[in-house]
2 protein chains.
Amino acid sequence: MELSKTSYVILGMLRLGRRTGYEIKSLVDVSTRHFWAASYGQIYPELKRLEDSGMITGEAEAQGGRQRRAFTLTPLGEEALEAWIASGGSLHIELRHEGMLRFFFADATGQDEQVELLNTIRREHEAVREQLTDIRGGAEAAHIERGERFPLMTVDFGIAYQDFIVNWCLDTERKISESPEKRS
Amino acid sequence: MELSKTSYVILGMLRLGRRTGYEIKSLVDVSTRHFWAASYGQIYPELKRLEDSGMITGEAEAQGGRQRRAFTLTPLGEEALEAWIASGGSLHIELRHEGMLRFFFADATGQDEQVELLNTIRREHEAVREQLTDIRGGAEAAHIERGERFPLMTVDFGIAYQDFIVNWCLDTERKISESPEKRS
DNA sequence: GCTCACATGTAATCCGTTACATGATTCT
DNA sequence: AGAATCATGTAACGGATTACATGTGAGC
């Protein structure tokens, strides 16, 4: 049984406790989103498949009239999760960066546009950096309260990563501004 | 007329000279692939669409019996390319990193597996770094011979980016090895 | 003669997002 | 009363990869 990466996201989130599809999505949005996103359109069908294969079990919680199905990881699911984390082999690593793509072709424009492009890129990454600092508190709390170290280390990686790109933008902007323009 | 990002890749590559679909694909593989990949399954249909909309023109080159259609950028295509590079607004930036995803959930495994995971991640990025250094010579030549600065800057960004992650892996490995394991 | 690089394309498939449809509960 | 949040799901669509099908030309 081949599990998609996104199904491991679900298994991983359920390992931290009993959760609904909605809660999984919310958690993803404040934790893994920056290196692995997931939408309702993936999560709900995948929950069904994982239940069918016995990796998770869902129980309806009648609280009032609101429908709500919370899922728990089964031993089988936990095993699959741990095997995936520990499995060697190649990783799916993929970057799509429209900013870098434009930058690659930026010989086609003038210096002003080049600098403006770098500013646009930098602003995007600064915004993400800010989101990550907002999130960090929660990850820190999870570390202190429940001993979960890795979510915090992951957020800190994310912040350092955004900083790296922001600084590259600033350095490169300086470099471009200083050296004379040669329009090709 | 809405162009996809990948069609701009094609326009951008054609701006550097007359090229076949095959050549565009080869070029992408040694230049933009690390932040924007493209496959034949996208390139050939997209060439057709771009030709239909008048952004590029293709001419058959009868050299021997081998079929070959090389494309050139039209003024319309060049305009579209430049407008895209200079256009502000939000950029499509997306990262999918299975290594970070596993790392996020790594509280579920032991210290040995955690260290091994970091090694796996590091090795992947070292491999990409090596590919980029192989490419760099070509980008440098393009700079010196044809004044194309941005491809070289982009490769250098890529190398620095890989180095950043490699170093993070090394730092984090040290951190994990030093501090006592607390299995949750 | 064989293999590799050149060269063009399409079909099936996968993965993922967006938009839509529906409704209950809680907070202001 | 109205808005925001909780909650579940599906259908349409888009973007991209993989595998397949086909054939030429150059070098060993």
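Because only heavy atoms are used, hydrogens play no part in the values below, and waters and symmetry mates are left out as well, while side chains stay in. All values derive from a computational prediction rather than experimental measurement. In what follows, chains are A, B, ... by sequence order, proteins preceding strands, each numbered from 1.
- Results of the side-chain contact (heavy atoms from CB on, under 4.5 Å) test with His34(B) over Val155(B), Thr154(B), Val128(B), Asp29(B) single out Val128(B) as the only residue that passes.
- The aromatic ring centres of Phe104(A) and Phe150(B) sit 6.0 Å or more apart.
- Atoms OH (Tyr8(A)) and C1' (dG16(C)) sit 18 Å apart, rounded to a whole Å.
- Checked options Glu51(A), Glu23(A), Glu61(A); the residue passing with Arg69(A) is Glu51(A) (criterion: salt bridge (charged side-chain N to carboxylate O under 4.0 Å, His left out)).
- The closest side-chain heavy-atom distance from Ile93(A) to Glu124(B) is below 4.5 Å.
- Under the 6.0 Å cut-off for aromatic ring centres, Phe157(A) and Phe35(A) do not qualify, their centroids lying 6.0 Å or more apart.
- For DNA chain D, the neighbouring residues in residues 30-44 of chain B, judged by any heavy atom under 4.0 Å, are Trp36(B), Ala37(B), Ala38(B), Ser39(B), Gly41(B), Gln42(B).
- Between His92(B) atom NE2 and dT17(C) atom P the separation is 9 Å, expressed in whole Å.
- Taking the centre of each ring, Phe103(A) and Trp168(A) come in below the 6.0 Å mark.
- Computed from coordinates, the Ile10(A) CD1 to dG9(D) C1' distance equals 14 Å when rounded to whole Å.
- Rounded to whole angstrom, the span from the CD atom of Glu61(A) across to the P atom of dA7(D) amounts to 9 Å.
- If you check every strand for non-hydrogen atoms under 4.0 Å, Ser4(B) touches nothing.
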Between Tyr40(A) and Tyr22(A), does a side chain to side chain donor-acceptor pair (under 3.5 Å) hold up when you go through it step by step?
CA-CA 8 Å; Tyr40(A) 289 124; Tyr22(A) 183 85; 5.0 Å; no
Protein-nucleotides 3-6 of chain D N/O pairs closer than 3.5 Å?
{"from": "dC6(D)", "atom 1": "OP2", "to": "Tyr22(A)", "atom 2": "OH", "distance (Å)": "2.9"}
{"from": "dC6(D)", "atom 1": "O3'", "to": "Arg66(A)", "atom 2": "NH1", "distance (Å)": "3.1"}

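- For the pair Leu50(A) CG and dG9(D) C1', the interatomic distance rounds to 16 Å; values are reported in whole Å.
- Regarding Glu46(B), its CD atom lies at a distance of 16 Å from the P atom of dT8(C), rounded to whole Å.
- Lys48(B) comes within contact range of the sugar-phosphate backbone alone, with a heavy-atom separation under 4.0 Å but no base atom that close.
- Regarding Leu101(B), its CG atom lies at a distance of 15 Å from the P atom of dC15(C), rounded to whole Å.
- Note on Lys25(B): nothing from the nucleic acid sits closer than 4.0 angstrom, heavy atoms only.
- Here the side chain of Arg96(A) is nearest to one of dG9(D), dT17(D), dT17(C), namely dT17(D).
- Distance, Lys5(A) NZ to dC14(C) C1': 12 Å, rounded to whole Å.
- Ionic pairing of Glu46(A) and Arg49(A) is present here: one or more N-O contacts between side-chain nitrogen and carboxylate oxygen are shorter than 4.0 angstrom.
- The closest donor-acceptor contact from the side chain of Thr32(B) to the backbone of Trp36(B) lies under 3.5 Å.
- Residue-to-nucleotide proximity on DNA chain C shows that, of Phe71(B) and Glu94(B), the 5′-proximal contact is made by Phe71(B).
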